[in-house]
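Before any comments, here is the structure.
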Amino acid sequence: MTVRRTLFGAAALLALAPMAFAAGERGRDGEVRIIYWQAPSILNPFLSGGTKDVEAASMIIEPLARYDENGNLVPWLVEEIPTVANGGVSADLRQITWKIKPGIVWSDGTPFTSADVKFTWEYCSHPEGGCAQLTKFEGVTSVETPDDLTVIVNFDKPMPNPYGPFVGGESPIIQKAQFENCVGARAPECTDANFAPIGTGPFKVVEFRPNDVIRMVANENYREEGKPAFATVLFKGGGDATAAGRAVMETGEFDYAWNLQLAPDVIAEMEKGGKGKPIAGFGPLVERIMLNNTNPDPSLPPELRSVSIIENYEQKNPHPFLRDPAVYKAMSMAIDRPLLVEIGYGQAGKVTCNWVPAPEIYNSHTFDATCGVQDIAGANKLLDDAGIVDTDGDGIREKNGVPLKILYQTSTNAVRQDFQALIKQWWSEIGIETELRNINASVFFGGDPGSPDTFQKFYADVQMYANTFNGTDPQAYLANGLCDKAPRPETQWQGENISRFCMKEYDELWKKLSETADIEERAAIARQLNDMAVENGMMIPLVHRGRLSAHSNTLGGVKLNVWDSELWNVADWYRIK
Amino acid sequence: MLDTAASPAPEASAGAARPLVEVRGLKMYFPIHTGLLRRHTGDVKAVDDVSFDILEGETLGLVGESGCGKSTCGRAVLRLYDITAGSIRLEGREIGQLSQEALRPLRPRMQMVFQDPQASLNPRMTVASIIGEPLVEHTSMSRAERLERIWELMDAVGLNRDFANRYPHEFSGGQRQRIGIARALALNPKFIVCDEPIAALDVSIQAQVVNLLEDLQEQLGLTYLFISHDLSMVRHIADRVAVMYLGRIVELAPRDDLYAEPLHPYAKALLSAVPEPDPKIARAARRIILKGDVPSPANPPKGCNFSTRCPRVMEICRRIDPALTEVAPGRQVACHLYTDASESAEETAPERGESNDTRQQGEEE
Amino acid sequence: MLNYTIRRLILAVPTLLFIALTIFLLLELAPGDPVAHMPLTIPPEVRELMRKALGLGEPVHIRFWKWLVQFFWVEPQVFIDWLTTKSAIAGILPDTQFYVSCAGGDLATCDARILSWQFRSPVMDIVLQRLPQTLWVVGTAYLVAIVIAIPVGVYSAYRQYSWFDNAGTFITMVGFSVPPFFSGVLVIVIFSVQLGWFPSIYDTTHRVTDWDSFVFQLRQMVMPVMVLALQITSQISRFMRASMLDNLNQDYVRTARAKGMTEPTVVLVHVLRNSMIPVVTVIALGIPSIFGGAIITEQVFKVNGIGEMLIKAIEANDIPTVQTLTFIFAVLIVVFNLIADLLYGILDPRIRYD
């Protein structure tokens with residue numbers, strides 16, 4: 001399988017760019033220059049969790065398997081992807097067996113063995129280590145290493161998706177010999193290891209300056225002949241997205257710029273520089289308005305304000321009007337999503353009314369017909385028909401005497417404030433008054449239980465932010481709609497069910513998903529869960545956001561991957577001559 | 001005049017006839033710039049058409065109230081300013097229009113002692129370097145010779161040689177002024193402008209410094225232009241005295257004549273203010289108090305500059321500016337009272353005084 | 001002077017302790033969370049563990065005490081070890097090993113250094129790594145600015161209201177008021193994008209080994225130095241001009257002219273030397289800002305020096321880094337204030353401290 005895939009890939013590349021393999025020698029193309037406007041702080045993804053750090057490290061350390069640009073799992077350091085069909089996954093879904101490719105060596109020349117894999121689990125699961133990727137190892141009870149090339153992972157319960165541990169850029173394998181003395185509380189003391197991990201990847205670190213620059217050279221022990229094409233890497237960090245885009249597309253100083261969160265017109269202007277071009281990829285990231293299902297009235301005491309009190313799947317502290325389908329459906333209908341995409345994200349955005357818009361098999365098409373159309377009249381009619389009308393002549397509708405006045409909060413961010421202003425206008429046209437508020441991102445997303453301004457506390461009627469999930473399986477993400485995941489005082493306001501959404505049918509259907517292994521069946525259930533959440537007022541999805549990066553015209557082999565590290569295939573990059 | 005003067009300098013008597021400094025029609029105007037573009041809109045006429053001679057070895061006192069232009073006049077004579085017009089001759093040589101660069105070799109011949117001894121000494125230089133600097137510039141003395149000369153000068157002005165390496169701020173006011181004098185003497189000048197050299201000093205020190213200046217004049221044959229508003233000190237040191245008002249010399253006379261009988265109404269008023277040590281005379285003396293303020297030198301009155309405050313103002317005074325003319329041997333005055341129709345002027349003046357508003361009147365008490 | 005210096009240094013100790021406490025409490029009270037910037041996909045339980053691993057579980061006063069110990073006890077040990085074993089003067093000093101690393105050692109007896117929450121590495125190591133480019137760029141800008149500002153200030157004052165002075169006034173006004181995030185981007189657009197003369201991104205790993213690499217270093221320094229120097233020049237030249245004007249009208253200048261000194265001597269020796277007194281003080285007081293870096297300019301040109309380190313640490317709520325950097329600035333400011341006062345005493349003989 002591997003051989004076939006490699007051959008096929010080579011053939012495809014050969015057809016696309018015949019020059020690429022003119023000289024097949026490792027390091028033939030000199031230096032590649034990459035700029036990340038958020039600079040990597042550390043090259044140990046287990047201690048940081050920041051995307052910038054994970055992606056920079058992905059050039060050096062690798063997982064057993066990873067996702068390709070289409071979201072398909074591909075074997076990386078192993079022979080094949082274990083499945084129930086090929087016997088790699090046990091029938092009870094509690095065990096997965098990985099077969100490591102023979103002959104892989106670390107960049108220091110020592111052999112890569114199952115002991116390193118097992119150590120990686122031990123390293124991350126140490127309670128004092130503060131490992132950022134702990135969720136990747138959720139449910140793992142033990143890792144067995146019957147021989148040097150076999151890794152068996154045991155789970156405490158059936159795992160329909162057992163591809164968490166050692167899969168994807170967030171869960172790479174680190175070398176046991178290097179990190180042996182850095183477990184637990186000692187982890188931060190191992191600066192040398194954290195700054196220059198030894199890996200199996202195409203490059204190895206020569207110099208690491210945190211938050212500034214990384215210099216790498218090709219790994220002479222890399223397993224694939226003739227790769228990487230580049231001998232050295234200059235990985236620069238810092239500045240802002242504008243400067244990074246300029247350096248690739250206008251001045252041509254750099255070959256690759258990551259995640260250009262810029263206004264569409266700015267990108268278009270830069271593209272005129274003629275030195276490079278933007279590329280977009282779409283993961284499951286969705287900008288959405290979360291609807292508070294509980295009552296955020298400031299006059300309520302702290303044990304009640306925005307607190308979910310569930311009795312028998314029923315919300316005992318409901319929001320005065322946002323639970324009414326007419327209200328949130330009208331709010332959704334009043335929004336002109338194509339305009340939001342155009343002003344906010346350009347080619348890095350798509351209209352969506354789904355919570356899980358990707359991968360494609362999970363993307364529901366239930367709302368496709370109406371999603372891209374703004375319908376103010378329809379929204380007004382919907383509210384009128386529901387009896388939610390303006391009774392006191394102030395231009396604001398009332399439901400049971402409660403005026404439809406909404407506090408709409410989000411993090412401080414130019415695009416989000418534009419969205420707020422537009423949506424406030426549209427909602428005013430359907431008789432809903434909106435008060436806007438924006439909060440510094442580090443506070444809003446900070447999760448400080450003492451702060452009233454976090455998105456978990458949700459001391460507002462609606463709030464806007466974007467969220468996504470890693471990998472391609474939405475099961476854990478869909479768990480964010482479960483009743484018991486609501487943040488509340490007992491959990492120190494931790495929890496992923498920000499809307500405090502609660503529905504018996506939803507909880508039951510999700511349980512079914514967690515027990516289903518067949519991929520088609522899983523997809524159908526996931527789409528159903530998505531529709532259920534949107535239909536029942538968990539959120540108003542706005543924009544399916546993509547990742548926009550840019551590469552120079554002379555850089556070949558780039559495949560923007562949103563399911564894994566963007567630099568996942570850096571070994572295949574080459575210089576177009 | 002010098003015969004009558006009490007100058008003890010023998011040289012001065014000997015060379016009585018030859019003027020060391022001749023000033024003719026000296027004008028020093030400072031331009032006024034106003035507005036956004038700083039256009040030249042007028043002039044402050046600090047010194048306006050002044051002429052006088054200073055004889056070799058004599059001391060010419062220059063008196064007047066604050067702001068009358070006496071200090072400017074002194075500086076202009078030394079060409080510390082680029083003068084607006086006029087001629088200045090030093091030892092017969094015209095220096096009025098020379099460039100500053102061309103003047104430099106002549107600087108050793110003429111020096112100045114400043115009013116504020118603190119401000120006039122560079123705070124970052126030691127006494128030795130302050131005194132010695134002109135020697136470096138203008139002579140080819142060796143270091144040792146220079147030091148010798150510095151000590152000599154310090155001795156001459158009564159400063160302890162040990163203080164040579166101290167900074168000006170370490171001295172008292174009187175000592176500082178001695179440093180200033182020593183500095184001025186360093187290059188053997190002929191002519192020194194003393195610009196209120198004692199005004200900033202304690203009364204007890206003033207006499208010491210004045211006596212020092214007199215002694216040095218005697219020893220070195222110096223010629224002084226002594227600028228002061230202290231009339232009794234001028235009476236003590238000067239041979240002749242010029243009285244300035246609003247940029248002009250209104251009276252120039254031998255000291256004793258002037259103090260005995262001032263002619264110009266302004267000089268009269270000014271001298272009436274001199275404290276009289278004898279209480280009998282003092283009681284009998286009548287002080288003339290001038291009313292009103294000095295007009296702005298940027299906008300002097302038409303006619304006689306003093307016409308706005310003169311107790312004996314006449315109609316002609318407001319039209320015609322009186323020239324400085326000799327009314328008696330050695331006595332020059334710029335007043336219509338003493339020139340053409342002096343008799344009639346004296347008669348008409350009181351009438352006019354009564355008929356005029358008080359602003360222009362003088363009052364006698 | 002020595003007594004005065006010692007007295008001032010002793011007085012500086014409580015001042016600095018108070019500053020340290022104030023910074024610490026301010027950071028403590030400010031909202032923010034070091035794990036806030038991590039992806040939302042990291043669940044709260046994991047975040048809590050990460051916070052604990054950063055040491056956030058302990059009470060405030062314990063953490064402040066730990067920081068004090070680390071800054072005043074552990075870090076000096078590391079410095080002494082470095083001095084005696086690796087620095088240029090290592091040869092003449094006996095090797096020392098005061099610092100006991102925790103890597104592999106016993107956690108109870110080893111010395112914990114101040115660790116950044118972003119990098120998980122000692123803050124001081126990163127400071128030392130960042131210092132060269134900051135000193136190169138900001139320091140050069142400072143020198144260039146001084147070299148330009150003093151003659152400009154002197155001539156502007158000497159020819160007050162001349163066209164040169166007016167032009168200088170205009171340019172300094174512009175230099176003062178145009179922020180570097182504007183002027184920086186402007187020069188990038190002109191010289192990098194349009195003309196392609198200079199790189200827009202500073203290469204901090206560049207080493208000067210020969211003539212060509214030196215030229216490259218100059219090329220990449222030109223724009224940030226230009227932008228920074230414009231600001232500093234504006235400031236210093238204004239000071240210089242004002243100070244010259246104060247002195248030009250003094251009697252001692254007239255004295256010097258009356259002495260028959262040449263005009264260059266009068267202006268450059270008498271007036272300039274006296275006018276330099278306040279200017280030198282201003283320059284000395286500005287030196288801590290060189291170490292502090294230029295936050296915005298470093299960001300614009302990706303110089304990634306100390307200023308960039310500070311702002312990124314603030315954004316990431318990396319409290320140990322912010323605390324350490326701001327405290328180092330505080331120390332530098334206190335020290336250079338003292339140096340400025342002492343310089344004043346040296347330059348101006350009228351001032352004596354004993």
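In the text below, chain A, chain B and the rest are named by the order of the sequence lines, each starting its count at 1.
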Heaviest contributor of heavy-atom pairs below 4.5 Å to chain C, chosen from Gln111(B), Arg166(B), Met125(B), is Gln111(B)
What residue in Gln118(B), His169(B), Arg107(B) has the most heavy-atom pairs under 4.5 Å with chain C?
His169(B)
When only pairs under 4.5 Å are counted, which of His138(B), Met110(B), Met112(B) shares the most heavy-atom pairs with chain C?
His138(B)
For Met141(B), does the CE atom sit with more than 12 other heavy atoms under 6.0 Å from it, leaving out its own atoms?
yes
Is it true that atom CZ of Phe336(C) has more than 12 heavy atoms of other residues, nucleotides or ligands lying nearer than 6.0 Å?
yes
Nearest heavy-atom neighbours spanning Ala258(C) and Arg183(B):
CB-NH2, 4.4 Å
Counting heavy atoms not belonging to Tyr155(C), are there more than 12 under 6.0 Å from its OH?
no
I'd like to know if the side chain of Thr255(C) and the backbone of Ser120(B) have a donor-acceptor N/O pair within less than 3.5 Å.
yes
Answer key: most heavy-atom pairs under 4.5 Å with chain C among Arg79(B), Gln115(B), Arg75(B) is Arg75(B)
Using a 4.5 Å cut-off on heavy atoms from C-beta on, say whether the side chain of Gln100(B) contacts that of Arg257(C).
no
Show the nearest heavy-atom pair for residues Leu347(C) and Arg124(B), with the distance to one decimal.
O-NE, 3.1 Å
Note: vs chain B, highest number of non-hydrogen pairs under 4.5 angstrom among Thr262(C), Ile277(C), Asp348(C) is Thr262(C)
Any side-chain heavy atom of His33(B) within less than 4.5 Å of one from Tyr161(C)?
no
Pairwise side-chain contact, Glu133(B) with Lys259(C), heavy-atom cut-off 4.5 Å (strictly under):
yes
Shortest non-hydrogen separation from Tyr252(C) to Leu121(B) and the atoms involved:
CB-C, 3.5 Å
Hey, is CZ on Phe164(C) packed in by over 12 heavy atoms from elsewhere, all under 6.0 Å?
yes
Residue from Ile130(B), Leu187(B), Val136(B) scoring the most non-hydrogen pairs under 4.5 Å with chain C is Ile130(B)
Should the heavy atoms of other residues, nucleotides or ligands under 6.0 Å from CZ of Phe176(C) be counted, would the total exceed 12?
yes
Hey, does the side chain of Arg104(B) reach the backbone of Gly260(C) with a donor-acceptor pair shorter than 3.5 angstrom?
yes
